Amino acid sequence: MPPILPGATIGIFGGGQLGRMTAMAARTLGYHVHVLDPGADCAARGVVDRVVAARFDDADAAADFARHCDVVTLEIEQIGRDSLAAAERFAPVRPGPAVLEIIRDRSRQKAWLRRNGFPLGDYREVRTVSDLEGAAADFGTPLFVKANHGGYDGRGQVRLERGDGAAAAWRDLAARASVAERGLDLAMEISVLVARSPSGALAAYPPALNHHENQVLAWSVLPAPVDPALARAASDLAEGIAETIGLEGILAVEMFVTTDGALLVNELAPRPHNSYHTSEAASATSQFEQLVRAVCDLPLGATDTVTPGAIVNLFGDVWLKDAPPRFDAALATRHARVHLYGKPGARAGRKMGHISAIGATTDEALARAKEALSSL
Ligand SMILES: Nc1ncnc2c1ncn2[C@@H]1O[C@H](COP(=O)(O)OP(=O)(O)O)[C@@H](O)[C@H]1O
Ligand SMILES: [Mg+2]
């Protein structure tokens, strides 16, 4: 198949901030963009040609959506199987249904990684409270229990601190099929974004270093200040996964580096990732443009870092203070930029935007991003 050239129409399942920023990159390259999202007032609404307001499991809407697109991609993995199949009748869906089938379900994703020889921490599937008690007895605490479906930003997860808390944890998870993971002693968390085109070209970015607070990403820097051997191992791991799974598009591989030096896969996200928002300022090619290039089977962009960069997330809490956020004050920090997603309605913990900054070092970039954040 020839590449899909500018002037064509890209469809995106999901019009949240990731869809919005992808749409803006697609627009820069001269594509038309349609999104399908349950909310007509989704974050992408102002930057796309068409919003189809429909649920992600509405196969008829997905078919009608794809009928008007030359290729369909996504910003969220929870798209119904029937919707993907319906869309595929009209346009290539990249990443494809087979990849999403593996990734969407946490236990299936882990089983696939293990079967293919990729390194993981200890975990077990849990379907009953006694499975959970067994995992707590074998792995000890803390134990991370994560629902197979629908979790993100620490939602759909329970951290078990004591073995006798299994029954309560199981209730908190509403008895959903889950995985229980041994709590690891983390030296750091990193991620690697990798792109693969339908023609088979591969390009990994250098790893990003990620800092979570309350199981949600608070800040991230690129490139991760790690020794070159670890960076190489992480990139090789991500490329191996992209190749083996037959990725078409981009994939973020979240990884744990344990205090005893092991590099383990945490989870996969087949779409743009919060930890690479830094790529817009720090990399030769942003993750959003890279996604557009990959799904259109264009040459992949260079992934080298042109300057150290950092991002801090902007949560709705900033809006809930007495006075409105002082974006003018934040922009007074040199080399800092404000990114707002245009979401109606700030709520505590809701991602409303991020602040990025560049610097001579990642420390300097992060200090600038934090300074801009605190002046809001
Ligand atoms: N097994 C574990 N050991 C230690 N920390 C963990 C473990 N699993 C998750 N975490 C912490 O919780 C965060 C969120 O977990 P993750 O599985 O990535 O879920 P989400 O889909 O919400 O991002 C991780 O980035 C890490 O900080
Ligand atoms: Mg995660």
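Numbers here are sequence positions counted from 1. Every number for a ligand or one of its atoms is a count from 1 in the order of the listing. What you see is a predicted model; the values in this text were computed from it and never measured.
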Report the nearest protein non-hydrogen atom to [atom]: residue, atom name, distance rounded to 0.1 Å.
| atom | value |
| --- | --- |
| atom 23 (O) of ligand 1 | E267 OE2, 2.8 Å |
| atom 22 (O) of ligand 1 | G154 N, 2.5 Å |
| atom 5 (N) of ligand 1 | F144 CZ, 3.4 Å |
| atom 19 (O) of ligand 1 | Q157 NE2, 2.6 Å |
| atom 14 (C) of ligand 1 | Q215 O, 3.8 Å |

Side chain of R196, backbone of L247: donor and acceptor closer than 3.5 Å?
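Answer holds: yes.
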If we ignore angles and hydrogens, is there a donor and acceptor under 3.5 Å between the side chains of [X] and [Y]?
| X | Y | result |
| --- | --- | --- |
| S197 | S199 | no |
| N210 | S191 | yes |
| E267 | Q109 | no |
| D57 | S83 | no |
| E189 | H211 | no |
| D363 | T361 | no |

Counting heavy atoms only, which of R159, E213, E254, E189 is nearest atom 27 (O) of ligand 1?
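Nearest heavy atom to atom 27 (O) of ligand 1 lies in E189.
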Looking at D153, which atoms of ligand 1 are within less than 4.0 Å of one of its heavy atoms?
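By the 4.0 Å cutoff, the relevant atoms are 20 (P), 22 (O).
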Ligand 1 versus [X]: contacting region, heavy-atom distance under 4.0 Å:
| X | value |
| --- | --- |
| K146 | side chain |
| L217 | neither |
| Y152 | backbone |
| L186 | side chain |
| H211 | neither |
| L184 | both |

Any side-chain hydrogen bond (donor to acceptor under 3.5 Å, both in side chains) pairs touching residues 253-264, not counting sequence neighbours?
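Only E254-N266, E254-H273, T258-D260 qualify under side-chain hydrogen bond (donor to acceptor under 3.5 Å, both in side chains).
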Just to check, does Y123 reach to within less than 4.0 Å of ligand 1 when the distance is taken from its heavy atoms?
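Heavy atoms of Y123 never come under 4.0 Å of ligand 1.
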Does the residue G183 have a heavy-atom contact with ligand 1, meaning some pair of atoms that are separated by less than 4.0 Å?
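G183: in contact with ligand 1 (<4.0 Å).
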Before accepting this row, confirm whether a basic side-chain N of the pair E181/K110 lies closer than 4.0 Å to the acidic partner's carboxylate O.
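A salt bridge links E181 with K110.
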Shortest-distance N, O or S atom of E254 relative to the Mg ion (ligand 2):
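Looking at E254, the N, O or S atom with the least distance to the Mg ion (ligand 2) is OE1.
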Is the terminal nitrogen or CZ of R124 (NZ for Lys, CZ for Arg) located under 6.0 angstrom from the six-membered ring centre of F139 and within 45° of that ring's axis?
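Cation-pi check for R124 and F139: passes.
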Taking 2.8 Å as the cut-off, does E267 contribute an N, O or S atom near the Mg ion (ligand 2), distance below it?
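Under 2.8 Å: E267 contacts the Mg ion (ligand 2) through an N, O or S atom.
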Checking R50 now: which residues fulfil salt bridge (charged side-chain N to carboxylate O under 4.0 Å, His left out) with it, not counting sequence neighbours?
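In terms of salt bridge (charged side-chain N to carboxylate O under 4.0 Å, His left out), with neighbours along the sequence ignored, R50 is linked to D64.
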